[in-house]
Structure formats: C-alpha cells, structure tokens
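Take a look at the structure set out below.
This is a predicted model, so every value here is computed, not measured.
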Amino acid sequence: MTRGCGPVRTAESTREAAAELAELAALPTGAAEPGPRTWETTNLLHLGQALALLAHRREETRGGHLRADHPQRDDDRWLTHQRVTRGEDGVLVVTERPVSTHGDTAVGGAA
C-alpha cells in the first residue's frame, strides 16, 4: 500500500497495488482459523482494496497526497466526498457528492 498508494502515487502505481490486492484476495484461505488475526487480515485487505480504488480514481493532487501524473489540484472535478461500499456481489461501488459550501470540508482541508 505504501509503495502503490502512498503519499506519492501514479495511475500505474495504484493500478499495480489494486492488482496485487486482488491476487491476495483470490488466494485460498486454507485452514485459517476464524479469530482476531484472520478478521484483522480480512479487514485490512478490504480497506486496502477500497483505498486503492479511491486513490486510482482521484486524478489530482490534494492535501498531502501527490499524484505525480496529475500534479495540480482540480476543484472543478474533485471537490467531492467519495464513499465506497461493497455490494452483495462483492464489487466495490463508489458514490460521490459535491462538497457543500455550508460547513463541509474536503479531504486535505479544502472547504
């Protein structure tokens, strides 16, 4: 995650991170016993997949996150809140809503 979706990222690095996470998700679980360690690992995998998707989608630099392939901030396109959920079919779904000018703040402190 640090290498592909860390503070400095590109479309290629986020795509590679998402692909590596997909490979991990496809591994057989084997005889993993249910418990805190397996739950934590599963939660980290789900979180990583969501973050990689959102990092890949956001084609701009905002706050402490630098898209080396999109070095400028782009309020016209990206001044939004993004929400990711996982559907019953397991597919991640992103919804967006514009940042309100009435008290909402965007990631990185932009109002």
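With rounding to the nearest 0.5 angstrom, the SG atom of C5 is 10.0 Å from the CD atom of E16. Here R58 contributes atom CZ and R9 contributes atom CZ; the two are 9.5 Å apart, rounded to the nearest 0.5 Å. Between the CG atom in L54 and the CD atom in E96 there is a gap of 9.0 Å [rounded to 0.5 Å].
Scanning both residues, D69 and T10, for their nearest heavy atoms gives OD1-CA, 3.6 Å. Of all non-hydrogen atoms in R3 and S13, the two that sit nearest each other are O-CB, 4.3 Å. Taking each heavy atom of A25 and Q49 in turn, the nearest pair found is CB-NE2, 3.7 Å. In this structure, A52 and T14 approach most closely via the heavy-atom pair O-CB, 4.3 Å. Scanning all heavy atoms of the two residues, the minimum distance from V84 to A50 falls at CG1-CB, 3.6 Å. Residues R67 and T61 approach most closely at N-OG1, 3.0 Å, considering heavy atoms.
Between T80 and R97, the closest side-chain pair of non-hydrogen atoms is not below 4.5 Å.
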As a quick check of understanding, evaluate side-chain contact (heavy atoms from CB on, under 4.5 Å) for T95 and Q82, giving each step before the final call.
CA-CA 6 Å; T95 55; Q82 295 186 79; over 6 Å; no
Acceptor/donor pairs from residues 40-47 side chains to any protein atom, 3.5 angstrom cut, sequence neighbours excluded:
from: T41; atom 1: OG1; to: R37; atom 2: O; distance (Å): 2.9
from: T42; atom 1: OG1; to: T38; atom 2: O; distance (Å): 2.9
from: N43; atom 1: ND2; to: W39; atom 2: O; distance (Å): 3.3
from: H46; atom 1: ND1; to: R86; atom 2: NE; distance (Å): 3.1
from: H46; atom 1: ND1; to: R86; atom 2: NH2; distance (Å): 3.1

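Both L24 and L51 are assigned to one and the same hydrophobic cluster, defined by single-linkage of ILVMFWY side chains at heavy-atom distances under 4.5 Å.
Residues satisfying the side-chain contact (heavy atoms from CB on, under 4.5 Å) test with D74, not counting sequence neighbours, are E60, D76, R77, W78.
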